[in-house]
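Computed over heavy atoms, backbone and side chain alike; hydrogens, waters and symmetry mates excluded. Numbers for residues simply follow the sequence, beginning at 1.
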Amino acid sequence: MAIYLSNFEKTLQTLFSVSFLLIIFDSYEIFAVPLSWIGTFLLTFIVFILYRKEETKFNQLIFISVLLGLLPTLFSFTNFFYSEDKLIYIFLRIFSFISFAFTSFVIAKSKYKKVILKSLKSTFYIVIFFSLYLYIAQIFNLYEPFRNRPGTGILGFDQQNNFWISGSHRMVGTFREPVFLVSILFPIFLVIHFKNMNSIKFYVGAALLFGLTKSELALVLVVLLIFIELIRKNIG
């Protein structure tokens, strides 16, 4: 029985790591399908397995909250002149919202939180190394995988640029914009930080990751984190 549980946890950790990585590879695709979509579907499937295995029970408050959150999107269906692409986009938004709520609730109730946290930490390290390589590649004109969505662009120029002769370089990692990197990876950093699953190399890597984005959002979040830590130390 112990061997079965150990193998299940290893498999679960691997699957979570793969799904997290696919979601974080925001600007890449395979056969015209964004990797983030594949990762989201895989993560939802894994969480559904946990839901069935642990027989997680939902309460009415969860259903009501999800329904209220979906109301603005559901009202958009009153427009009968949407194209097929627009309808697909709306259905994806609904799926993403329900998937997020479902995943959050099941993981919060799951007894495999430590396995999921280990997956997050390993994923975070992989992203640090990959992002640093991409940052160096854009400076020295090294190989960089093609991005299906290079960014918002400036003055209509939206092509991927791997190399600049001059100018300021900003860490974008596997995302379209530096702010996307910060807004998605900083919460993962906080989870690992507050669970004390960290070391000096973890903080050095995170400092390089967020510092090289040169993002004001990263600066604000770091200042808030320091303030919170000072309060925590003074109180308890």
Applying the 4.5 Å side-chain criterion to the ILVMFWY set and letting contacts propagate, would L209 and F189 be lumped into a single cluster?
yes
Results of side-chain contact (heavy atoms from CB on, under 4.5 Å) for I188 - residues two or more places apart only:
I24, L120, F124, L185, I192
Is the backbone of V115 close enough, under 3.5 Å, to the side chain of E9 for a donor and an acceptor to pair up by distance?
no
Can you tell me how far the CD atom of Q13 sits from the NZ atom of K114, to the nearest 0.5 Å?
13.0 Å
Is there a path from L219 to F175 through hydrophobic residues (I, L, V, M, F, W, Y) whose side chains come within less than 4.5 Å of each other?
no
Applying side-chain hydrogen bond (donor to acceptor under 3.5 Å, both in side chains), which residue pairs with at least one partner in residues 216-227 are found, sequence neighbours left out?
none
So, does T213 use its side chain to make a donor-acceptor pair with the main chain of M171 at under 3.5 Å?
no
Can you confirm whether Y51 is buried at OH, in the sense that more than 12 heavy atoms of other residues, nucleotides or ligands lie under 6.0 Å from that atom?
no
Tell me whether the count of non-hydrogen atoms from other residues, nucleotides or ligands lying under 6.0 Å of CD1 in I200 goes above 12.
no
Aromatic contact between F202 and H193, with the criterion being ring centroids under 6.0 Å apart: yes or no?
no
Between CZ of F95 and CZ of F102, what distance do you get to the nearest 0.5 Å?
10.0 Å
Hey, are the side chains of S17 and K118 touching, using non-hydrogen atoms and a 4.5 Å cut-off?
no
Does Y112 have its ring centroid less than 6.0 Å away from the ring centroid of F16?
no
Holding to side-chain contact (heavy atoms from CB on, under 4.5 Å), I want the full list of residues that pass it with F129, two or more places apart in sequence or in another chain.
none
Residues K214 and R170: closest non-hydrogen pair is O-NH2, 3.4 Å
What one should report as the nearest heavy-atom pair of D26 and R176 is OD2-NE, 3.0 Å
Under 6.0 Å from the CZ atom of F45, do we count more than 12 heavy atoms belonging to anything else shown?
no
Over 12 non-hydrogen atoms of neighbours within 6.0 angstrom of NZ in K109:
no
L117 with L190, same ILVMFWY side-chain cluster at under 4.5 Å
yes
